[in-house]
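The block underneath contains the structure these notes are about, expressed in structure tokens.
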Number of protein chains: 2
Amino acid sequence: MSNKSYHHGNLRNALVEKGIELINQKGSEQLSLRKVSALCGVSQTAPYSHFQSKEDLLEAMQEYVIQQFMEVLEHAINSCPKQNDPDVLIQMGKNYVLFFINHPQYFQFLFSHTNIEMKLSLDADEVKNFPPLELLKTIVVRIYGEAGMPNEKMEDTIISLWATVHGLAAIATMKNVHYDKDWEMKIENIIRNR
Amino acid sequence: MSNKSYHHGNLRNALVEKGIELINQKGSEQLSLRKVSALCGVSQTAPYSHFQSKEDLLEAMQEYVIQQFMEVLEHAINSCPKQNDPDVLIQMGKNYVLFFINHPQYFQFLFSHTNIEMKLSLDADEVKNFPPLELLKTIVVRIYGEAGMPNEKMEDTIISLWATVHGLAAIATMKNVHYDKDWEMKIENIIRNR
DNA sequence: CATTTAATCTTTACAGTGTCAAGATTGGAA
DNA sequence: TTCCAATCTTGACACTGTAAAGATTAAATG
């Protein structure tokens, strides 16, 4: 609690937040345990009381970022007047891409060290999954499942949409990408005409 | 030339090739200058006679991989009976994804450290570009340009196709992705119905 | 052929990294 | 009040990229 005590009091959260700050500023390659420790005013090995490795801290940071990501996606969904309209998917996809355009460092960070289990098929939830993908599956089933679309076709829809927006995010966050038109409308058109 | 001489004789190429071997086996995060040097039977700092930094070696390795990549793409194109048929794009896209499925470590390696300049718009070639994207642009112009499609629509086609196949490659090369169906046909369907 | 030169490689060294082992501090339970 | 378990520090180790200085040798020069 106090500023100069031996015990930090909230180190676990501080490490996660300062780590994310560092990534936003310098990129994920510049992140080191010792830098994050220094930012928290704590010794090099202090993180090992809360995380058993650097990888472990990175996973906690990823969960934090994914939570922000999920809020953006859910906000896009909830802003749609009709919840079972295909336009929900468009808005969701648009915000998928915009999230990474607004936080360019997050894309590399999330999808390079990630060990998150991914199960593309709709059945079999025994695997701990990537929450945004889970959400996408839910929405697709909500929109097309009740309309009688067969599972296999829904799976294709999921992968197709996911691949498009994920690819757009990858391209948009590449270093030195020059694209001078207004992205937002362009993205929407591409997703819509997918 | 000789095996035990002070001078290696072909160190530059050896570093590139052993480095790529290392990436294929252990992944790009496990690559270090010292390991590559050891694999070439040479001291830690020997690479600095041929590359001015680790990043510089990585760029040379990337060029090497991109060359292999280009051969796969060009082979797909040349295998098509009609060169101005839209099916050329489908085959090219399919091989784009399959290349990274066959070399899972290459995706992270190529697109995480890369500093390659990317210019999405069709005009203005003043920027040194990403060769596969250049090729895609050429093919799209060949197929649709002569048919009178406006530039802006061609650009949308390029980004849309690129995003789809790039996203598919990203997803397919994620760790722990479980997808038990036959990818090859699925990929083709998704690209075709894009 | 002899000699110089420039390219190539080695040795040594240093700061930065993740992480282990041992010990210091301290808040809260007994 | 005492004790303990959680938390943090100090010190050390192997590994990393790379700078500086010197050794070796292929190739150019005379």
Problem set entry | Verdict with supporting geometry, B:F100 and B:H166, ring-ring contact (aromatic ring centres under 6.0 Å, His included) | CA-CA 10 Å; B:F100 291 108; B:H166 193 80; 7.3 Å; no
Exercise. Taking B:K35 for the side chain and B:Q30 for the main chain, is one N or O donor matched with an acceptor at less than 3.5 Å?
Worked result: yes
For this session: May I ask you to decide if B:N10's main-chain N or O and B:H8's side chain share a donor-acceptor pair within less than 3.5 Å?
Result: yes
Exercise. Would you say the ring centroid of A:F111 lies under 6.0 angstrom from that of A:F130?
Worked result: yes
For this session: Give a yes or no on this: more than 12 heavy atoms of other residues, nucleotides or ligands lie within 6.0 Å of atom NZ of A:K54.
Result: yes
For this session: Return the set of residues passing salt bridge (Lys or Arg N to Asp or Glu O under 4.0 Å) with B:E188 (not counting sequence neighbours), or none when no residue passes.
Result: B:K94, B:R192
[atom1] of [X] versus [atom2] of [N]: gap in Å, rounded?
X: B:F51; N: C:dT8; atom1: CZ; atom2: P; answer: 11 Å
X: A:D56; N: C:dT19; atom1: CG; atom2: P; answer: 10 Å
X: A:R12; N: D:dA6; atom1: CZ; atom2: P; answer: 15 Å
X: A:L11; N: D:dT9; atom1: CG; atom2: P; answer: 8 Å

Exercise. Within less than 4.0 Å of OP1 or OP2 of C:dA7, is there a side-chain N or O belonging to B:H50?
Worked result: no
Seminar exercise, completed: Quick tally for nucleotides 10-18 of chain D: nucleotides whose base has a protein heavy atom under 4.0 Å get B, sugar-phosphate-only ones S, the rest -, giving BBB---BBB
